[in-house]
Amino acid sequence: MPDRISGLSLSLVRLPLATPVSDAKVLTGRQKPLTEVAILFARVHSEGGREGLGFSYAKRAGGPGLFAHAKEIAPNLLGEDPSDIARLWDKLAWAGASVGRSGLATQAIAAFDVALWDLKARRADLPLAKLLGAHRDAVSCYNTSGGFLSAPLEEILKNADAALESGIGGIKIKVGQPDAKADLERVAVVRAHLGDEVPLMVDANQQWDRPTALRLGRKLEQFELTWIEEPLDAYDAAGHAALAAALDTPIATGEMLTSAAEHWNLIRQGASDFVQPDAPRVGGITPFLRIMALADHNGLSLAPHFAMELHLHLAAAYPGTTWVEHFDWLEPLFEERLEVRDGRMLVPGRPGLGLSLSEQAAAWTTEQVSF
Ligand SMILES: [Mg+2]
């Protein structure tokens, strides 16, 4: 039965972090420590009494811009059939076409797109992963939030132990400090502490140039890393491709890209072994599925960036090797908690994304608008 979108509501939430965190971008002086994340929530209501919840986000700057763009394009959805998600994505993109088909413009669309997929899955009474066609009911997961450069080494080891004890399967730590020797020492200590069996990843957050990445990449081979993440500038596809060809250790990148077209540029140049799309950043689930298909056809592995609450469902629907990133940051925004066991995160059995907003999310709301 067709349905109609009868109402929409948008909210901008400021999520504070318990402790400010720094990656290499802070140590090289490019950014300030991260203290909060801005979340754009979209709720879509239908005449049939259905509701879908979606979100997008911005770190440091961009939250108010996301909200403003979403507010401007939202009325285009009223009266539309919420099942026609691909067509509605195009409609929203054309409504804002003057400001482009990537970046902030599409990240605002992402909140609506995710809400429409959530609504469709709820309507089918299926978890999103099942609606998409799941390959597995649990996905390997690794911890990132314990491995920032702002944490002293002893704390990193303690965080890693706690993560593994809670059932998380792998550990990622940040590298890319101005002093490369300090990076190598840190990795050596963590690898020795974890033993050879625990999957370990490093993330340089784009702070190396090509010669540094190659030299350090060779020195890192001995640690049997699961991957080296963002060794180079996010848009240096040729540099990533050369590195991926030169090293045995897999290369991972893609989190900063903001469209399926940008991902295709990386994939077709052989720039990485693991693609790391971020559904809110690329414009939602609709473009993410296109990236998944491209990655699969090119024999790549998938490790979506951030937002495990959403990416768990998408990774479960990927045919190849896949990991989700365990970040507990968004937890206070939702009533539900994800379960982790034996190294993997379990896809919840609830319909849709299986998420509902908490009272805390309401308390942190700074802007709100309804149509
Ligand atoms: Mg990263």
- Ser11 versus Gln368, side-chain donor and acceptor atoms under 3.5 Å: no

- Message: Tell me whether Leu116 shares a hydrophobic cluster with Leu314, the cluster being built from Ile, Leu, Val, Met, Phe, Trp, Tyr side chains joined at under 4.5 Å.
- Response: yes

- Task: Write down the atom of Arg122, the atom of Arg50, and the distance for their closest heavy-atom approach.
- Result: O-NH1, 3.7 Å

- Is it true that a side-chain atom of Gln31 and a backbone atom of Lys25 form a donor plus acceptor pair closer than 3.5 Å? no

- Query: What are the two closest heavy atoms between Gly96 and His69, and how far apart are they?
  - Reply: CA-CE1, 4.0 Å

- Query: Charged N to carboxylate O below 4.0 Å: is that the case for Asp84 and Lys91?
  - Reply: no

- Note on the structure: Nearest heavy-atom approach of Ala70 to Phe112 is O-CZ, 3.5 Å

- Pairwise side-chain contact, Asn205 with Lys174, heavy-atom cut-off 4.5 Å (strictly under): yes

- Side-chain donor/acceptor of Asn298 to backbone N/O of Leu294, under 3.5 Å: yes

- Task: Check the pair Val347, His313 against side-chain contact (heavy atoms from CB on, under 4.5 Å), reporting the backbone distance first and the verdict last.
- Result: CA-CA 7 Å; Val347 178; His313 290 272; 3.9 Å; yes

- Query: More than 12 heavy atoms of other residues, nucleotides or ligands under 6.0 Å from CG of Asp137: is that the case?
  - Reply: no

- Query: In terms of hydrophobic clusters joined by side-chain contacts under 4.5 Å, are Met256 and Phe148 together?
  - Reply: no

- Linking I/L/V/M/F/W/Y whenever any side-chain heavy atoms sit under 4.5 Å apart, do Phe371 and Ile5 land together? yes

- Are a donor atom and an acceptor atom from the side chains of Gln107 and Ser56 found within less than 3.5 Å of each other? no

- Task: Let me see the working for Asp183 and Trp208 under side-chain contact (heavy atoms from CB on, under 4.5 Å), right down to the final yes or no.
- Result: CA-CA 12 Å; Asp183 277 344; Trp208 292 330; 4.0 Å; yes

- Query: So, does His240 use its side chain to make a donor-acceptor pair with the main chain of Ile251 at under 3.5 Å?
  - Reply: no

- Go through the side-chain N and O atoms of Arg191 and Gln222 and say whether any donor and acceptor fall under 3.5 Å apart. no

- The reported gap from CZ in Arg101 to OG1 in Thr258 (rounded to nearest 0.5 angstrom) is 12.5 Å

- Query: Mind checking whether His135 and Thr322 have side chains closer than 4.5 Å, heavy atoms only?
  - Reply: no

- Item | Exceeds 12 heavy-atom contacts within 6.0 angstrom, atom CD of Glu335 | yes

- Message: Same cluster or not: Leu153 versus Leu220, using hydrophobic residues (I, L, V, M, F, W, Y) connected whenever any side-chain heavy atoms lie under 4.5 Å apart?
- Response: yes

- Answer whether the closest heavy-atom distance between the side chains of Leu333 and Leu15 falls below 4.5 Å. yes

- Anything under 30° is parallel, anything over 60° is perpendicular, the rest tilted; go ahead and classify Phe55 against Phe334. tilted

- Shortest non-hydrogen contact from Gly283 to Trp89? O-NE1, 2.7 Å

- Message: I'd like to know if the side chain of Arg350 and the backbone of Leu355 have a donor-acceptor N/O pair within less than 3.5 Å.
- Response: no

- State, yes or no, whether a side-chain contact exists between Glu309 and Leu353 at a heavy-atom distance under 4.5 Å. no

- Would a hydrophobic clustering, with Ile, Leu, Val, Met, Phe, Trp and Tyr connected at side-chain separations under 4.5 Å, put Leu131 with Met292? yes

- Message: Could you walk me through whether His326 and Tyr142 satisfy the side-chain contact (heavy atoms from CB on, under 4.5 Å) test, starting with their C-alpha distance in whole Å, then the side-chain angles of each, then the deciding distance to 0.1 Å, before giving a yes or no?
- Response: CA-CA 6 Å; His326 186 278; Tyr142 68 93; over 6 Å; no

- Distance-only polar pair, side chains of Arg123 and Ser83, donor-acceptor under 3.5 Å: yes

- Pair Thr286, Trp117: side-chain N/O donor-acceptor within cut-off below 3.5 Å: yes

- Flag side-chain contact, heavy atom, 4.5 Å: Pro277 against Leu257: no

- Donor-acceptor under 3.5 Å (Glu51 side chain, Arg43 main chain): no

- What do the steps show when you test Phe274 against Met201 for side-chain contact (heavy atoms from CB on, under 4.5 Å), and what is the final call? CA-CA 12 Å; Phe274 280 85; Met201 304 83 167; over 6 Å; no

- Answer whether the closest heavy-atom distance between the side chains of Ile85 and Lys120 falls below 4.5 Å. yes

- Is the gap between the ring centers of Tyr57 and Trp329 under 6.0 Å? no

- Message: Main chain of Asp296, side chain of Tyr318: is a donor-acceptor contact present, judged purely on distance under 3.5 Å?
- Response: yes

- Item | NZ on Lys32 to OG on Ser22, rounded to 0.5 Å | 12.5 Å

- Query: Is the side chain of Ser358 donor-acceptor paired with the backbone N or O of Ala361 at a distance under 3.5 Å, no angle test?
  - Reply: yes

- So, the side chain of His311 versus the backbone of Phe306: is there a donor-acceptor pair under 3.5 Å, distance only? yes

- Message: Please check: side-chain N/O of Asp236 versus main-chain N/O of Asp233, any donor-acceptor pairing under 3.5 Å?
- Response: no

- Message: Does atom CZ (Arg341) have a neighbourhood of more than 12 heavy atoms from anything else shown, all under 6.0 Å?
- Response: no

- Would you say the side-chain atoms of Arg344 pair up with the backbone N or O of Gly167, donor to acceptor, closer than 3.5 Å? no

- Message: If you apply the rule salt bridge (Lys or Arg N to Asp or Glu O under 4.0 Å), what do you find for Lys71 with Glu367, and how did you get there?
- Response: CA-CA 11 Å; Lys71 185 178 165 184; Glu367 288 192 73; 5.9 Å; no

- Once you round to the nearest 0.5 Å, how far does CG of Leu357 lie from CG of Leu53? 5.0 Å

- Measure the spacing between CD1 of Ile228 and OG1 of Thr249 and express it to the nearest 0.5 Å. 4.5 Å

- Please examine the side chains of Leu157 and Val190, heavy atoms only from C-beta on, and report whether any two atoms are closer than 4.5 Å. yes

- Is it true that Arg4 and Glu47 make a salt bridge, defined as a side-chain N closer than 4.0 Å to a carboxylate O? no

- Minimum side-chain heavy-atom gap Leu346-Leu338 below 4.5 Å: no

- With a cut-off of 6.0 Å (strictly less than), are more than 12 heavy atoms of other residues, nucleotides or ligands near CG of Asp342? no

- Message: If I compare all heavy atoms of Ala246 with all of Leu214, which pair ends up nearest, and what's the gap?
- Response: CB-CD1, 3.8 Å

- Query: At their closest point, which heavy atom of Ile168 faces which heavy atom of Asn143, and how far apart are they?
  - Reply: CG2-N, 3.5 Å

- Inter-residue atom distance Ile73.CD1 - Leu8.CG, 0.5 Å rounding: 10.5 Å

- How far does CZ of Phe223 sit from CG of Leu184, to the nearest 0.5 angstrom? 6.5 Å

- Query: Charged N to carboxylate O below 4.0 Å: is that the case for Glu80 and Arg87?
  - Reply: yes

